[in-house]
Every structure is written in structure tokens, then in C-alpha cells.
Student: 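Got a structure here, written out as C-alpha cells. Questions coming.
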Amino acid sequence: MQNFWKNALQWLDERLGLNELYQNLLDRPEPLGNWWNTLGSASLFLFLLQVATGIFLTVYYNPSPDHAYDSIQYIMNEVAFGWLIRGIHHWGASLMVLVVIIHMLRTFVTASYKYPRELTWLVGVGLLLLTLGMGFTGYLLPWHQMAYWATTVGTQIAGSVPFIGEFILRALRGGPDLSALTLQRFFAAHIWILPALMFALIGLHLYLIIKHGESHFPDKED
Amino acid sequence: MSGSNRFSRRDFIKVTTGAIGGIIAAGVGIPSIGYLLAPALRQDQAGKSVVVANLSDIPIGIPYPFSFTITRINGWERTANVFGGFILRKSEDPQDLLVLSSRCTHLSCRVNWDEQAGGFLCPCHDAMFDKEGKVVHGPPPEPLGHFEYEIDDAGNITIIPIERKGE
């Protein structure tokens with residue numbers, strides 16, 4: 001029996017290159033580091049947790065002004081473990097922003113953004129902005145007073161850009177006012193557009209990290 | 001690991017990572033199952049009884065249609081569904097009644113009384129039930145369901161809106 005599994009695994013490995021994948025992804029050599037080096041993995045973990053809990057939330061959430069608030073009340077009070085799923089998504093969002101920013105600061109302080117990792121840094125900046133975008137769009141979805149006014153203010157700030165501000169404001173809100181269209185497009189951005197971009201950039205970010213390996217801490221020579 | 005008592009640092013990290021990852025996955029995964037299934041596991045409340053007709057309006061021997069609305073709260077919304085049926089007075093005796101549901105026992109379409117055919121016809125798959133709800137032909141596996149009823153002194157017929165299996 002043991003032989004059977006061994007053979008099956010080998011059969012798969014020859015065709016999928018599982019061992020190679022495992023070596024490259026999870027068992028690659030690392031320079032001497034410390035806990036600060038784990039923040040990228042922590043960000044990835046939080047992202048996946050947000051994806052999972054976010055998918056679950058869409059099972060009950062309804063992005064319309066009539067029902068958004070009620071559907072969240074329903075999730076919190078009626079659905080089994082709804083409070084847990086939403087709680088993880090809510091706190092995970094704040095934590096992810098925090099972890100991503102500290103991750104960026106660590107990269108900056110240890111000068112890990114230098115040759116040949118400039119693109120990794122640039123992609124990372126894109127990911128930081130997308131994370132903030134997720135926070136901004138997700139904040140409106142509960143459609144309570146705080147969400148409504150925060151987004152009123154937030155879009156108004158975007159509207160203060162010279163010359164094209166008015167256009168940006170209208171594009172964000174889907175019109176001059178905060179409305180059902182705003183909620184719907186923020187929802188679309190939050191669950192489709194931004195996550196799709198994030199998946200793509202995370203893929204690129206990871207590819208670059210695996211390709212170049214992780215940078216060692218600078219020493220006196222550097 | 002196997003065969004040797006020595007447990008290396010690398011193996012320790014691997015096992016610990018796997019274990020903690022497993023705990024986190026279970027911590028989110030198991031509640032998620034309950035989360036997804038919660039509305040399916042909810043118990044339906046027994047419906048309040050409704051007055052559907054008055055005895056004096058019902059002819060003897062001809063099925064008399066009635067309908068009633070039940071409002072349920074589903075999630076964050078009230079949903080009103082219309083249900084219907086037919087009351088058959090088999091004889092002059094006010095207690096000799098049959099209150100049939102109009103829900104076809106095949107795939108839940110609504111049957112209609114057809115005077116010419118002398119039976120209930122289902123528009124979906126050409127089934128036919130007789131006056132008392134028994135299957136004449138077509139795919140339905142069992143007779144039409146019925147409702148339990150009460151009649152007060154004024155002749156008002158009250159039903160409990162839970163369908164019982166036809167006999």
C-alpha cells in the first residue's frame with residue numbers, strides 16, 4: 001500500500017514537477033534574517049484570508065442602498081458564525097494595511113529594493129496602493145452613517161485635484177452624488193477589479209522574489 | 001524523520017508550520033460550513049391558520065378555488081407567496097369536505113380545475129388528477145396534498161397552511 005502511494009506520488013511528480021515547485025516555493029535557501037523578513041508572507045496570508053472571508057460575505061451581502069445595511073445586520077445576528085466571518089474580514093483588513101506598510105518600511109530600511117530588485121519594489125508599491133484601494137472601497141459597503149460620510153469626504157478629497165478633480169469625483173461616485181451607483185461600483189471594484197489586479201501583481205511579485213532570491217541584510221561592504 | 005530519533009530544526013519548523021496552518025484553516029473552515037448552511041438549517045415556523053372561504057359560497061360536487069398569501073421573513077426581506085387550492089363539498093353534510101392543495105405532486109406546478117375534462121390538469125407535464133385528487137394519468141407519484149380545516153358556526157372555513165400528504 002505504501003508502495004502504491006509512493007508510485008502515485010512519483011507519477012504525479014514526473015509530470016507536474018511537484019518537488020521542484022515545493023523546493024522553489026517553500027524550501028528555497030534564505031539569507032540569515034529575522035522576523036521582519038516574514039512580513040511578506042504575512043501579507044500574502046492576510047490577503048488569502050481576506051479573499052476567503054470576502055467570498056463568504058458575498059453569499060449574504062447585498063450591494064443596494066435598500067438592503068446593504070440590513071443584509072449585514074442579518075450576517076451579524078442571524079447567520080451562524082456570521083460575526084466571525086465578518087469580524088475576520090473587518091479586522092483582517094486593518095491588519096493587512098498595517099502589515100503591508102511595515103513590510104514596505106522593512107524593505108526600505110534594509111535597502112532590499114536595489115538592483116536587481118527594483119521591479120519587485122515597484123510592483124510592491126502597486127500592491128500597497130491596491131491594498132489601500134481595497135480598504136477605501138470596502139469601507140463604503142456596510143452603508144451606515146460612518147461609511148456614507150467617510151466616502152463622501154474621501155471622494156470629495158479626490159475631487160480637489162486641480163482641473164480634473166470634478167471628473168475624478170464623478171467617475172468615483174458614478175455621478176455627482178453618492179448614490180446606489182456609487183455603492184454598486186465600489187462593490188464591483190472591491191470584489192472583482194481590485195482583487196484581479198492584486199492576484200496578477202502578487203503573482204509577479206512572487207515570481208520576482210523566487211527568481212532573485214531574498215536579499216541579505218547590508219553589511220559593512222555594502 | 002522516520003527511523004531516527006533526531007528531530008531536526010527544519011523538521012520542527014515544518015511540523016509546527018503545518019500544525020498552526022491546519023489549526024487556522026480549521027478555525028476558519030469549520031465555522032464557514034455552518035455559515036453557508038445556516039439558512040438551510042432554519043426551522044420553518046408553523047403557519048398561522050387562515051380563513052379561505054365560506055361554506056355557503058361553495059357548490060356541492062364542484063371544486064371551489066381559493067388562494068391565500070403567506071408572508072415569510074427570508075434573511076433581510078419579507079417574501080409573500082401565494083398558495084392555492086380547491087375545496088370540494090362531497091355532500092350536503094357541512095363536514096363532508098376535502099380541501100386540496102393545487103400543488104402538483106410531480107414538480108410543484110399549479111393544477112387547474114377543468115370542467116370539461118372533469119379533473120385537475122397540470123399545465124407542465126400533462127398530468128391529470130380526479131375530483132378527489134387521485135392521479136388519473138401522467139407522471140405524478142402520489143395524489144394531491146390536502147389541508148386540515150375547521151368550520152365555525154358562521155360557515156367560515158379555516159385551514160392550517162401546511163400541506164399534508166394525500167391519502
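Both backbone and side-chain heavy atoms feed into the values below; hydrogens, waters and symmetry mates do not. Model, not experiment: these values are computed from the prediction.
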Student: Counting heavy-atom pairs closer than 4.5 Å to chain B, which one of A/Val59, A/Asp66, A/Asn62 comes out on top?
Tutor: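 Most pairs with chain B among the choices: A/Asn62.
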
Student: List the residues meeting side chain to side chain contact (heavy atoms under 4.5 Å, CB included) with B/Arg78, not counting sequence neighbours, and say none if there are none.
Tutor: B/Thr71, B/Ile73

Student: Give the ring-plane orientation class for A/Tyr61 versus A/Phe187, where under 30° counts as parallel, over 60° as perpendicular and anything between as tilted.
Tutor: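 A/Tyr61 vs A/Phe187 ring planes: tilted.
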
Student: Measuring from A/Phe81:CZ to B/Ser32:OG, what's the distance to the nearest 0.5 Å?
Tutor: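 Between atom CZ of A/Phe81 and atom OG of B/Ser32 there are 9.5 Å.
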
Student: By number, which residues in residues 150-157 of chain B have some heavy atom less than 4.5 Å away from chain A?
Tutor: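 When heavy atoms of chain A are the reference, residues 150-157 of chain B contributes no residue within the under-4.5 Å range.
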
Student: Any non-hydrogen side-chain atom of A/Asp27 less than 4.5 Å from a side-chain atom of B/Arg10?
Tutor: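 They are in contact (side-chain heavy atoms under 4.5 Å apart), so the answer is yes.
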
Student: Counting distance only, does the side-chain N/O of B/Arg42 pair as donor-acceptor with the main-chain N or O of B/Ala38 below 3.5 Å?
Tutor: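 Between the backbone of B/Ala38 and the side chain of B/Arg42 there is no qualifying donor-acceptor contact (under 3.5 Å).
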
Student: Identify which of A/Leu84, A/Ile88, A/Leu57, A/Thr53 forms the greatest number of heavy-atom pairs closer than 4.5 Å to chain B.
Tutor: A/Leu57

Student: Answer with side chain, backbone, both or neither: which region of B/Ile24 has an atom nearer than 4.5 Å to a non-hydrogen atom of chain A?
Tutor: side chain

Student: Supply the atom-to-atom distance A/Ile75 CD1 to A/Ile85 CD1, rounded to the nearest 0.5 angstrom.
Tutor: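 Output value for this atom pair is 10.0 Å.
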
Student: So, applying ring pair (Phe, Tyr, Trp, His ring centres under 6.0 Å) with B/Phe86, which one of B/Phe120, B/Tyr64, B/Phe66 is it?
Tutor: B/Phe120

Student: If you count heavy-atom pairs under 4.5 Å with chain A, which of B/Gly27, B/Gly75, B/Gly21 comes out on top?
Tutor: B/Gly75

Student: Given heavy-atom pairs under 4.5 angstrom as the criterion, report whether the side chain, backbone, both or neither of A/Phe45 touches chain B.
Tutor: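 The side chain, not the backbone.
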
Student: Would you tell me whether B/Cys109 and B/Cys122 have their SG atoms within less than 2.5 Å of each other?
Tutor: no

